[in-house]
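Everything numeric in this text was worked out from a predicted model, so none of it was measured. Start at 1 with the first residue, then count along the sequence.
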Amino acid sequence: MSLRATRGPVARTAVAASALAAGLLAVPSSASAAEVRIHDIQGSTRISPLAGQQVSDVPGTVTAIRAFGSSRGFWIQDPRPDKDPATSEAIFVFTGSTTPSVAVGDSVLVSGTVSEYYPGGKDAGGQSLTELSKATWTVQSSGNALPAAYRLNPSTIPDRYAPDAGGDSIEGLTLRPRSYALDRYESLEGMRVSVEDAPVVGATNTYKELWVTAEPRHQRTARGGALYGSYRDPNAGRVKVVSLLPYAQHPFPVADVGDALTGTTAGPMDYDNFGGYTIAATAMGELADHGPRRETTREQKADELSIATYNVENLSPKTAQSKFDRLATGLVEHLASPDIVALEEVQDDNGATNDSVVSADATLKKLTDAIKAAGGPAYEWRQINPVDDQDGGEPGGNIRVAFLYNPGRVSFTDIPGGDSTTPVKVEKKDGKATLSASPGRIDPANGAWKDSRKPLAGQFSFRGRPVFVVANHFNSKGGDQGLDSRFQPPARSSETQRTGQATAVNTFVKALLNADPKASVVVAGDLNDYQFSPALAELTKGGVLTDLVTGLPKDERYGYVYNGNSQVLDHILTSHALRRADYDIVHINAEFSDQSSDHDPQIVRVRP
């Protein structure tokens, strides 16, 4: 499921009181036009030294207008900048739901209240935008030339992303735009900026947004994205692009990762909490289709067991048939009909209707019917219904993990006793490991699984050999501070629960291997964390499992794209007995504006 929260307008309010409490401001007073220009309002930190004050007759040239939505207004930029690179020379004039009566190129004098607006709300942890609200203005002249756009490129964006405040706010720190990328962007707040021939690193989404990079040679994936490979390097050149141009005359480009906006994309530097620093484009580059096509993996051989994981993103019978058909095509044509599929985000039979329904048989039947209609096998399924409203996800949806399997290639070893609250145990019979229940849930009463999906263990038989598969969907990153947060380094509060979940699964796998050191074990699913995270370190602790993504070439280690960063959230891990694994992330979703899920599926072929 997308990491993005719901969005909508948030009331703009001054932060004078909180800034005073933090010691950032002097006692408010009015400032005369003779002594105030935009760079005086912006100051050299993220919070205006004049926040909460009234200013009069601030001069500037109108560079852009936002004439839609409930956050309308216009940007002005001072054609006479100071010599301090830390002070922005532009500011947004907020007019609410009223379309401002100005034109680009107007020279204006603006009076109003200096305020700090936090997109998404202050508690979300993002940066603020310095604005003029309750504004009035006079037009002095029209048709004036606009200030030149500041060009974003590798020579103007520092390698280091953000100053280190030990997890505290960086708002009171003096901006150092030559040292830190976030400081560079903040020093350009509201000013005209541009990128040239910019590679697209985040596909166009439903909100008519995309991401580009101003660093075309930095950390690129094999297919043209921006690789997020460590906490130390979040790809400083990423910026979001939205459009101020009327869509009727200038349709927003429908771009995939690997495409490019050729020529110049330019506009004011904006910010929002759903993507960070943003070019509000008044000039949009031409879309060049350079993106690679959807991938297809090879078919498994007769003696190979193929196991896939696929997050099907809140699938229920209420989901459009077209999505079921596309998921089926992905499984049959692009994944070559895996023998076993670990599914995540399977909802109950009435989707997000919040009642006592927990069964998912209708959901799974609709999916398996679509697969058969697409030319695939007659999959059977195994799953355990959760306790109502206890596993997180969309309220009422009761998402869970489930197994599909092709009975013509592999058999499921049904062992009674598994239910939503009974923990599955490892037993030893005739010198081999077996499960107390199959399917069975791993340690469901463990506090690590509170409001989160419980892992499902299943025992399969392939060519007479037992194979243990664990399907997982760890807790989401909801609540974590963003990479562009005003708190640096950002807190990853959700990480603690995932690490506890990883411990529980690691303990279960150790029990299997203690019963049979040669047991064939596959752990798969949406773990909602990176290959370099503490959760994955805990899951692989003791060498019981190998995270297969670490064996891929570095530029292929991704299956999810968030805010322009190509990253790993889904994983397949194997025990030592399956060390000769053929593993593939099949790119059919995450890089594309047209998706059947926001996750790419993964597959492994093993010989138990």
Side-chain angles (χ1 to χ4, degrees), residues 203 221-225 254 256-259 289 291-317 319-346 363-381 402-410 462 469 471 522 524-526 548-549 552 556 558-561 566 569-570 572 581-606:
T221 69
R223 291 165 56 89
V254 180
D256 300 326
V257 172
D259 291 345
D289 183 1
R293 300 295 170 248
R294 287 177 167 84
E295 290 186 329
T296 299
T297 199
R298 72 169 177 85
E299 188 176 359
Q300 64 270 26
K301 298 177 182 177
D303 62 344
E304 290 178 320
L305 176 67
S306 61
I307 303 169
T309 178
Y310 202 168
N311 183 320
V312 292
E313 195 179 9
N314 285 326
L315 190 69
S316 83
T319 302
Q321 182 63 44
S322 58
K323 177 171 176 175
F324 280 93
D325 294 341
R326 290 193 59 186
L327 290 170
T329 297
L331 287 162
V332 175
E333 297 183 9
H334 295 276
L335 289 175
S337 298
D339 299 320
I340 300 170
V341 185
L343 297 173
E344 300 87 49
E345 292 199 24
V346 174
T363 307
L364 292 166
K365 183 178 188 305
K366 193 169 182 179
L367 177 59
T368 53
D369 285 349
I371 292 170
K372 191 171 182 180
Y379 281 111
E380 297 184 11
W381 66 82
F403 292 119
L404 301 184
Y405 69 97
N406 177 4
R409 290 266 305 162
V410 63
F462 180 69
V469 183
V522 175
D526 177 3
L548 298 181
V549 72
L552 292 178
E556 296 180 15
Y558 68 95
Y560 190 84
V561 180
S566 294
L569 292 183
D570 306 84
I572 296 179
D582 181 23
Y583 168 72
D584 192 9
I585 301 175
V586 186
H587 301 297
I588 60 175
N589 287 320
E591 298 170 309
F592 298 93
S593 58
D594 179 22
Q595 302 176 339
S596 51
S597 167
D598 49 354
H599 293 250
D600 285 331
Q602 303 185 2
I603 191 165
V604 65
R605 290 166 285 262
V606 296

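- Remark: Thr363 engages no residue in a side chain to side chain donor-acceptor pair (under 3.5 Å) (not counting sequence neighbours).
- Counting only residues at least two apart or on different chains, the side chain to side chain donor-acceptor pair (under 3.5 Å) pairs with a member in residues 327-337 are Thr296-His334.
- A salt bridge links Glu295 to Arg223: one of the charged nitrogens lies within less than 4.0 Å of a carboxylate oxygen.
- Using a 4.0 Å cut-off between a side-chain N of Lys or Arg and a carboxylate O of Asp or Glu, Asp582 and Arg298 qualify as a salt bridge.
- Aromatic ring pairs are classed by plane angle as parallel below 30°, tilted from 30° to 60° and perpendicular above 60°; the pair Tyr560 and His599 is tilted.
- The ring pair (Phe, Tyr, Trp, His ring centres under 6.0 Å) search around Phe403 returns Phe460, not counting sequence neighbours.
- Closest non-hydrogen pair, Val257 versus Ala203, comes out as CG2-N, 3.9 Å.
- In this structure, the side chains of Asp526 and Asp570 come closer than 4.5 Å at one or more pairs of heavy atoms.
- Leu367 contributes atom CG, which lies 10.5 Å from atom NZ of Lys323 (distance to the nearest 0.5 angstrom).
- Residues meeting the side chain to side chain donor-acceptor pair (under 3.5 Å) test with Tyr583, sequence neighbours left out: Gln602.
- Rounding to the nearest 0.5 Å places CG of Asp256 at 8.5 Å from CG of Asp594.
- In this structure, the side-chain contact (heavy atoms from CB on, under 4.5 Å) partners of Ala370, at least two apart in sequence or on a different chain, are Gln321, Phe324, Asp325, Ala328.
- For the residue pair Ser597/Asn311, the side-chain donor-acceptor check at 3.5 Å is not satisfied.
- A distance of 11.5 Å separates CG of Leu343 from CH2 of Trp381, quoted to the nearest 0.5 Å.
- Nearest heavy atom pair, residue Ser593 against residue Val254, reads OG-CG1, 3.3 Å.
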| task | Could you please spell out the steps behind the side-chain contact (heavy atoms from CB on, under 4.5 Å) verdict for Thr297 and Ile603? | result | CA-CA 8 Å; Thr297 199; Ile603 191 165; 4.0 Å; yes

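- A distance of 10.5 Å separates OG1 of Thr368 from OH of Tyr379, quoted to the nearest 0.5 Å.
- Using a distance-only test at 3.5 Å, with no hydrogens or angles considered, a donor-acceptor pair links the side chain of Lys366 to the main chain of Pro317.
- Annotation for Ile572 and Ile307: closest pair CD1-O, 3.8 Å, computed over non-hydrogen atoms.
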| said: Show, in sequence, the C-alpha distance, side-chain angles and deciding distance for Arg409 and Leu305, and conclude whether the side-chain contact (heavy atoms from CB on, under 4.5 Å) test is met. | reply: CA-CA 8 Å; Arg409 290 266 305 162; Leu305 176 67; 5.6 Å; no

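- To the nearest 0.5 Å, atom CG of residue Asp600 and atom CD1 of residue Ile588 are 6.5 Å apart.
- Applying the side-chain contact (heavy atoms from CB on, under 4.5 Å) criterion to Glu380, with sequence neighbours excluded, gives Arg382, Tyr405, Pro407.
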| message | The test is side-chain hydrogen bond (donor to acceptor under 3.5 Å, both in side chains); show your working for Thr319 and Asn314 and say whether it passes. | response | CA-CA 8 Å; Thr319 302; Asn314 285 326; over 6 Å; no

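- Partners of Thr309 under the side chain to side chain donor-acceptor pair (under 3.5 Å) rule, at least two apart in sequence or in another chain, are Glu344.
- Residues Glu556 and Val549 form no side-chain contact, since every pair of their non-hydrogen atoms from C-beta on lies 4.5 Å or further apart.
- Residues satisfying the side chain to side chain donor-acceptor pair (under 3.5 Å) test with Gln300, not counting sequence neighbours, are Ser306, Asp339.
- A pairwise comparison of heavy atoms in Gly225 and Thr221 identifies N-OG1, 2.7 Å as the closest pair.
- Residues passing the salt bridge (Lys or Arg N to Asp or Glu O under 4.0 Å) test with Arg293 are Asp289, sequence neighbours excluded.
- Across all their heavy atoms, Glu591 and His587 have their closest contact at OE1-CB, 3.5 Å.
- Partners of Tyr310 by ring pair (Phe, Tyr, Trp, His ring centres under 6.0 Å), not counting sequence neighbours: none found.
- Two residues are said to be in side-chain contact when any heavy atoms from C-beta on lie closer than 4.5 Å; Val604 and Leu548 meet this criterion.
- Annotation: salt bridge (Lys or Arg N to Asp or Glu O under 4.0 Å) contacts of Lys365 (sequence neighbours excluded): Asp369.
- The heavy-atom pair separating Pro601 from Leu335 by the smallest distance is CB-CD1, 3.7 Å.
- Here the straight-line distance linking atom CG of Leu327 with atom OG of Ser322 works out to 9.5 Å at 0.5 Å rounding.
- Judged as a ring pair (Phe, Tyr, Trp, His ring centres under 6.0 Å), and not counting sequence neighbours, Phe592 has no contacts.
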| request: Test Asn589 against Asp598 for side-chain contact (heavy atoms from CB on, under 4.5 Å), laying out the working first. | output: CA-CA 6 Å; Asn589 287 320; Asp598 49 354; over 6 Å; no

